[in-house]
Amino acid sequence: MVITGDFKKTAKLIKKSTSCLVTSHTRPDGDAVGSMKAMCQTIEALGKKAQPLLLSPLADWYSFLFSSPVPVFGNDITLEQLAEGSFGQFDLVIIVDTNSYVQLPEFDKWLKDTHLPILVIDHHITGDGFGTVELIDSTAAATGEIVYDLLKYAKWPVTEDIAEALFVALSTDTGWFRFENSDARVFRNASALIECGAKPAEIYRRMYQNYTPARFQLLGRMIKSLEFDSDGQIALQHLTRADFDQTGAVGRDTEEFVNECQRIRSVRAVALFVELADDNWRCSLRSDGSVDVREIAQKFGGGGHKMAAGVNMPGPFADARGKIVAEFRTRL
Ligand SMILES: [Mn+2]
């Protein structure tokens with residue numbers, strides 16, 4: 001739980017900085033990029049420099065948030081460039097929506113080495129606690145809500161752009177206000193952000209009615225792969241490298257796909273397996289609350305929340321699938 005002192009320390013840390021590096025977890029989702037964008041805008045409005053850095057490429061449907069392309073660590077910026085300072089001289093590192101080294105592949109090497117202060121803003125229960133100052137509120141539906149609380153605390157303006165970015169954060173982490181975490185606070189915050197200029201209909205169209213044909217075809221492949229277990233309570237789906245190659249879709253196109261089969265009446269627990277280049281399978285887990293999927297993910301080295309979690313599982317597929325099904329069965 002957040003205590004007011006954390007807001008005070010956070011605001012103090014930002015105020016005394018001059019140049020901030022702002023990043024988030026690999027495979028950034030709407031909460032990650034929305035919170036990053038809001039923090040960057042806020043820092044710039046305070047007359048300081050803010051450099052966003054992504055750990056993997058931005059999905060097309062979030063590109064409207066940034067006026068210029070955001071550099072991607074590993075593609076545009078190497079670990080060496082970051083370490084030697086040729087990417088920029090920073091006096092504060094801000095990490096949003098994660099507090100775990102495993103969520104920061106390769107970047108964690110630099111992070112463990114740096115002497116710079118680190119500010120963490122996050123809503124996950126699990127974390128490595130690497131922040132010099134940490135603003136953690138596990139009751140927040142999205143990191144964007146904590147960022148919003150910080151802006152209100154510090155009386156920093158919520159511009160139309162910031163409101164839009166925070167609305168993206170809030171709406172994506174709540175599955176467009178339909179997940180269990182969509183509490184009164186979420187709707188109060190959403191309402192306030194609309195009053196600050198966020199336009200929900202336009203944001204929805206940009207994020208959810210903006211598929212490429214390749215992405216939609218990939219969705220079709222996933223639906224075709226559907227299998228049930230335990231009288232239809234468990235739904236399993238998978239996508240192979242061939243599915244991507246033949247449709248022309250890319251890895252990040254699977255974002256939110258896992259939620260689709262929760263439309264089926266009998267389904268209580270869901271796993272989507274996506275084949276990675278290294279023969280591992282990225283496994284996304286969802287539940288209606290009857291199974292704690294974070295427990296399952298953590299057992300195999302992953303993490304997340306009670307109803308939404310993820311983990312990388314070694315292949316072959318049958319083994320990965322078997323392990324997850326066994327965990328689901330014992331918990332249902
Ligand atoms: Mn989040």
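Atoms within each ligand, like the ligands themselves, are counted from 1 in listed order. In what follows, every heavy atom counts, from backbone to side chain, and hydrogens, waters and symmetry copies are set aside.
Annotation: ring pair (Phe, Tyr, Trp, His ring centres under 6.0 Å) contacts of Phe130 (sequence neighbours excluded): Tyr101. Glu160 pairs by the side chain to side chain contact (heavy atoms under 4.5 Å, CB included) definition with Lys199, not counting sequence neighbours.
Neighbouring protein atoms of the Mn ion (ligand 1) (N, O or S, distance under 2.8 Å, waters ignored): Asp31 OD2, Asp97 OD1, His123 NE2, Asp173 OD2.
Aromatic rings from Trp281 and Phe300 are positioned such that their centres are separated by 6.0 Å or more. Taking the ring centroids of Phe216 and Tyr208, they lie at or beyond the 6.0 Å cut-off.
Applying the side chain to side chain donor-acceptor pair (under 3.5 Å) test to pairs two or more places apart or on separate chains, those with a residue in residues 301-312 are His124-His305.
Ionic pairing of Asp229 and Arg329 is present here: one or more N-O contacts between side-chain nitrogen and carboxylate oxygen are shorter than 4.0 angstrom.
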